[in-house]
There are 2 protein chains.
Amino acid sequence: MAASLDTVFSALADPTRREILRMLLEDDMAVTDVAEPFEMSLAAISKHLVILAGAGLITQEKRGRVKWCKLEPDALKAASVWMQGFGQFEPVNLDAFEAFLARELGEEASG
Amino acid sequence: MAASLDTVFSALADPTRREILRMLLEDDMAVTDVAEPFEMSLAAISKHLVILAGAGLITQEKRGRVKWCKLEPDALKAASVWMQGFGQFEPVNLDAFEAFLARELGEEASG
DNA sequence: CCCATATTCAACCGATCGGTTGACGAATGG
DNA sequence: CCATTCGTCAACCGATCGGTTGAATATGGG
């Protein structure tokens, strides 16, 4: 479950895989539907999905013939925390602070 | 300067390079000193440093014979922002909020 | 000047990566 | 039952990766 920083960062290093994550942000998808917009084989996409699952960034559940892919954003947490360790060098980081507040408060207001 | 997400994430995917960044968090270092704690050749470390510089995560400045390596934490910003796009799925993320506040306020208090 | 130090370059190596293709297995439905 | 759809497996390919070694290129100091 808790994948290493190695696997998470290397999973994120490929633009196809990042695009897949972005697509899954909107909704869960079947493997075939994930592959559709890409100009590469289904097998290639299937491999990318295995790598994303190995990094914990998605989970896959088979229902009938169809394997559904679901984003698991929590897997980014360890990587994010690691990166935050370097943020202390930024003078105040007001931008990030405001973005953070806007997101949290916006969520509270609308949820 | 502004490196791609590809180069940043793949630079971060290697544990040796992450350890180098961690070392540079404490202070600027010469190439030879960066290499010292690792059980691999100087040339290998030199290559790692080139990759980190290519990703914008460090800069290197030659003074005399010695090439100094300096952390550039801002290079993590784009990657961090990209990752934050997935954070909205986390219910409230109080942990991150508190960590953020602690860091920012702690800096203000001690600075 | 000459030698030591600091770092990179160049060639090489085996392993992994990202892709292909074709065969295969598993579930669906007329 | 049989054709079809969904997805993976296996073998293969060229390219890139992470490492080595040895030579080359500065630079500094006595």
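Letters go in sequence order (proteins before strands), and every chain restarts at 1.
Residue-level contact check: B:A30 touches the backbone only, with heavy atoms under 4.0 Å from sugar-phosphate atoms and none from bases. No contact: A:R63 has no heavy atom under 4.0 Å from any strand.
Side-chain N/O atoms of A:K47 and base N/O atoms of C:dT20 include a donor-acceptor pair closer than 3.5 Å. The base of D:dG7 lies outside donor-acceptor range of the side chain of A:K62, with no N or O pair under 3.5 Å.
With D:dG19, C:dG18, C:dT21 as the candidates, the nucleotide lying closest to the side chain of A:A43 is C:dT21. Listed nucleotides: C:dA4, D:dG18, D:dT20. Nearest to the side chain of B:A44: D:dT20. Comparing atom distances between the B:I51 side chain and each of C:dA6, C:dT20, D:dG18 picks out D:dG18 as nearest.
Not one N or O on the side chain of B:R17 forms a donor-acceptor pair closer than 3.5 Å with the backbone of B:H48. B:S46 places no side-chain N or O within 3.5 Å of a backbone atom of B:L42 that could act as its donor or acceptor partner.
Here the shortest heavy-atom pairing between B:G56 and B:A75 reads O-CB, 3.1 Å. Shown here for B:R63 and B:E61, the closest heavy-atom pair between the two residues is NH1-OE1, 3.1 Å.
In this structure, NE2 of A:H48 is placed 6 Å from P of C:dG18, rounded to the nearest angstrom. Distance CD (B:E36) to P (C:dT7): 13 Å, rounded to an integer number of Å. Straight-line distance from the CE atom of B:M40 to the P atom of D:dG19: 4 Å, rounded to whole Å. Rounded to an integer number of Å, the gap from A:L49 CG to D:dC6 C1' is 13 Å. Atom CG in A:D6 sits roughly 19 Å away from atom P in C:dA15 (whole-Å rounding).
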For a side-chain contact (heavy atoms from CB on, under 4.5 Å) check, start with the C-alpha distance between A:D28 and A:C69, then their side-chain angles and the critical distance, and finish with the verdict. CA-CA 6 Å; A:D28 297 359; A:C69 305; over 6 Å; no
Quick one, B:L24 with B:L52, criterion side-chain contact (heavy atoms from CB on, under 4.5 Å). Give me CA distance, side-chain angles, the key distance, then yes/no. CA-CA 12 Å; B:L24 291 176; B:L52 288 171; 5.7 Å; no
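Within the 4.0 Å cut-off from OP1 or OP2 of C:dG19, not a single side-chain nitrogen or oxygen of A:S41 is found. The side chain of B:R17 contributes an N or O atom lying less than 4.0 Å from OP1 or OP2 of D:dG18. Look at B:S46 and you won't find any side-chain N or O under 4.0 angstrom from OP1 or OP2 of C:dT7. Remark: B:K67 is in phosphate contact with C:dT8, judged by side-chain N or O atoms under 4.0 Å from OP1 or OP2.
Where pairing requires Watson-Crick or G-U contacts shorter than 3.5 Å, the helical stems of DNA chain C with at least three consecutive pairs are C:1-30 with D:1-30.
Here A:L5 contributes atom CG and A:M83 contributes atom CE; the two are 10.5 Å apart, rounded to the nearest 0.5 Å.
Mapped onto DNA chain D by nearest heavy atom, A:V50 and B:D14 fall at different nucleotides, with A:V50 at the one closer to the 5' end.
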